[in-house]
Amino acid sequence: MSITKPKQLVGQKAPEFTLPNHDGSTYTFTPGASGRPTAIFFYPESGTSGCTAEACTFRDALSEEAFKSTRVEIVGISPDGVEKQAKFVKDNKLNFPVLSDEKGDVRKAYGVGKGLFGLTKAGRITFVIDADGTVKDFFESTIKFKAHHKFVQDWLKTYPAAAATATASEPATEATTAAPAAPATEPTPDAVPAAEPAKEEAPEPKTAEAPSEDKPATEAAATEPAPENAPSAVETSDTVPAVVTEPAAALAPTPAIAPATQAPAIA
């Protein structure tokens, strides 16, 4: 299968291939066989500064959550021979397959040509392939070698497995925060009405005492028959106006109490 441009692969089944791995074993890529997403990055040459930085970013990325949760497979491919690939992997402690495509057959299948206007052996292109083996997208940049890791990382964050993990954790945190919030507000309204009736009962006896000003007439009448001696009645009549200062109108009828003058007549 010959591809002239990488974009022609997007939405299509990824080309199957078999290449020698850095350890001398044979590595075969069958799209969709593993049931896991795959990121294949083509790079110009092992051991160069840019290619080393790119490979190391993918090495470190395998410990990131987006890469672990999706169990993505990382595969590096360059035109270098197996011996050079073995040294490249050993020197940088790479933890993924680094394949040798000396003949360039796989590069042709994926539409990877030379980079930097033909100055490098191969271009720097990364493909992302879903678990079904379909090419979803690609990123091409010879100079921005670290941006290839970011490209794969951003794609994995939108991958169904990563999205399901994120949404599954969100309701769990909402449930835990919402549960304690309900009982925290319930006791407060119960405590408020409990305090209010206590305050209402306290002023009731005070208001009952206030109308005592309206009862001086009855109290005076009650005090008149209680003592048997007349002078005590005169004394009470003298003290009543001293206590009750406001009801001046009530004192007007009291002068009719002429018996006070009759008391000495009896004497």
Side-chain angles (χ1 to χ4, degrees), residues 6 9-43 46-47 49-78 85-101 106 110 112 124-141 144-177:
L9 275 176
V10 177
Q12 304 296 323
K13 207 75 170 179
E16 182 177 354
F17 60 84
T18 299
L19 287 175
N21 200 356
H22 65 89
D23 57 359
S25 62
T26 299
Y27 182 92
T28 299
F29 174 68
T30 303
S34 65
R36 298 160 58 184
T38 305
I40 303 176
F41 70 98
F42 293 87
Y43 62 96
S46 295
S49 59
C51 296
T52 300
E54 180 185 12
C56 289
T57 56
F58 280 115
R59 176 200 63 195
D60 299 337
L62 288 174
S63 61
E64 296 176 4
E65 184 60 30
F67 285 74
K68 291 194 300 183
S69 61
T70 56
R71 300 186 305 119
V72 63
E73 293 181 312
I74 304 296
V75 180
I77 302 176
S78 77
Q85 302 294 52
K87 185 179 185 302
F88 185 54
V89 170
K90 181 180 179 181
D91 292 344
N92 298 285
K93 298 180 180 179
L94 303 181
N95 49 3
F96 50 82
V98 177
L99 311 181
S100 174
D101 185 25
V106 178
Y110 279 80
V112 181
R124 195 186 307 277
I125 304 179
T126 299
F127 294 87
V128 286
I129 304 167
D130 65 9
D132 296 329
T134 303
V135 177
K136 306 302 293 184
D137 203 355
F138 73 95
F139 177 74
E140 181 175 10
S141 177
K144 298 179 180 179
F145 37 84
K146 287 188 177 181
H148 290 257
H149 153 259
K150 184 70 165 53
F151 161 71
V152 176
Q153 183 186 55
D154 291 342
W155 178 74
L156 289 175
K157 288 181 180 179
T158 64
Y159 197 71
T165 305
T167 52
S169 60
E170 286 176 1
T173 55
E174 291 176 359
T176 54
T177 53

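We're numbering straight along the sequence, starting at 1. Hydrogens, waters and symmetry mates play no part in the numbers below; they use all other heavy atoms, side chains included.
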_Thr126 vs Trp155 side-chain heavy atoms within contact, under 4.5 Å_ = no
*Over all heavy atoms of both residues, which pair between His148 and Lys144 is shortest? Give the atoms and the distance, please.*
CD2-O, 3.2 Å
*If you look at every heavy atom in Ala14 and Pro31, which pair is closest and at what distance?*
O-CG, 2.9 Å
*Separation of Tyr159 OH from Ser69 OG (nearest 0.5 Å)*: 10.5 Å
*So do Leu99 and Phe29 actually touch side chain to side chain, heavy atoms under 4.5 Å?*
no
*asked:* Under the rule for ring-ring contact (aromatic ring centres under 6.0 Å, His included), what residues qualify as partners of His22, not counting sequence neighbours?
replied: none
_Restricting to non-hydrogen atoms, name the atom on Asp130 and the atom on Lys136 that form the minimum distance, rounded to 0.1 Å._
OD2-CD, 3.5 Å
*Would you indicate whether the side-chain heavy atoms of Ile74 and Phe67 approach each other to under 4.5 Å?*
yes
*Nearest heavy-atom pair of Leu156 and Ala66: which atoms, and what distance?*
CD1-O, 3.9 Å
*What distance separates Glu73 CD from Arg36 CZ, expressed to the nearest 0.5 Å?*
4.0 Å
*Closest heavy-atom contact between Ala131 and Gly35?*
CB-O, 3.4 Å
*Heavy-atom distance under 4.5 Å between the side chains of Leu9 and Pro15, does that happen here?*
yes
_By the definition salt bridge (Lys or Arg N to Asp or Glu O under 4.0 Å), identify the one residue from Lys146, Arg124, Arg59 that meets it with Glu54._
Arg124
_Parallel, tilted or perpendicular, as decided by the 30° and 60° cut-offs, for the rings of Phe139 and Phe151_ = parallel
*Interatomic spacing from CG in Leu94 to CG in Asp60 - rounded to 0.5 Å*: 9.5 Å
*Short side-chain donor-acceptor distance under 3.5 Å, Asp132 and Thr134*: no
_Check the orientation of Tyr110 and Phe42. Use parallel for under 30°, tilted for 30 to 60°, and perpendicular for over 60°._
tilted
*Side chains of Phe17 and Ile77 in contact at under 4.5 Å (non-hydrogen atoms)*: yes
*Between CD1 of Ile125 and OH of Tyr43, what distance do you get to the nearest 0.5 Å?*
15.0 Å
*Can you tell if the side chain of Val152 reaches within under 4.5 Å of the side chain of Phe58, non-hydrogen atoms only?*
yes
_NZ-OG1 distance between Lys13 and Thr30, expressed to the nearest 0.5 angstrom_ = 10.5 Å
_Gap between atom OG1 of Thr38 and atom CZ of Arg71 - 0.5 Å precision_ = 10.5 Å
*Have His149 and Thr57 got a donor and an acceptor in their side chains that come within less than 3.5 Å?*
no
*What are the two closest heavy atoms between Ala39 and Val72, and how far apart are they?*
N-CG2, 4.0 Å
*4.5 Å side-chain heavy-atom contact, Gln85 and Asn21*: no
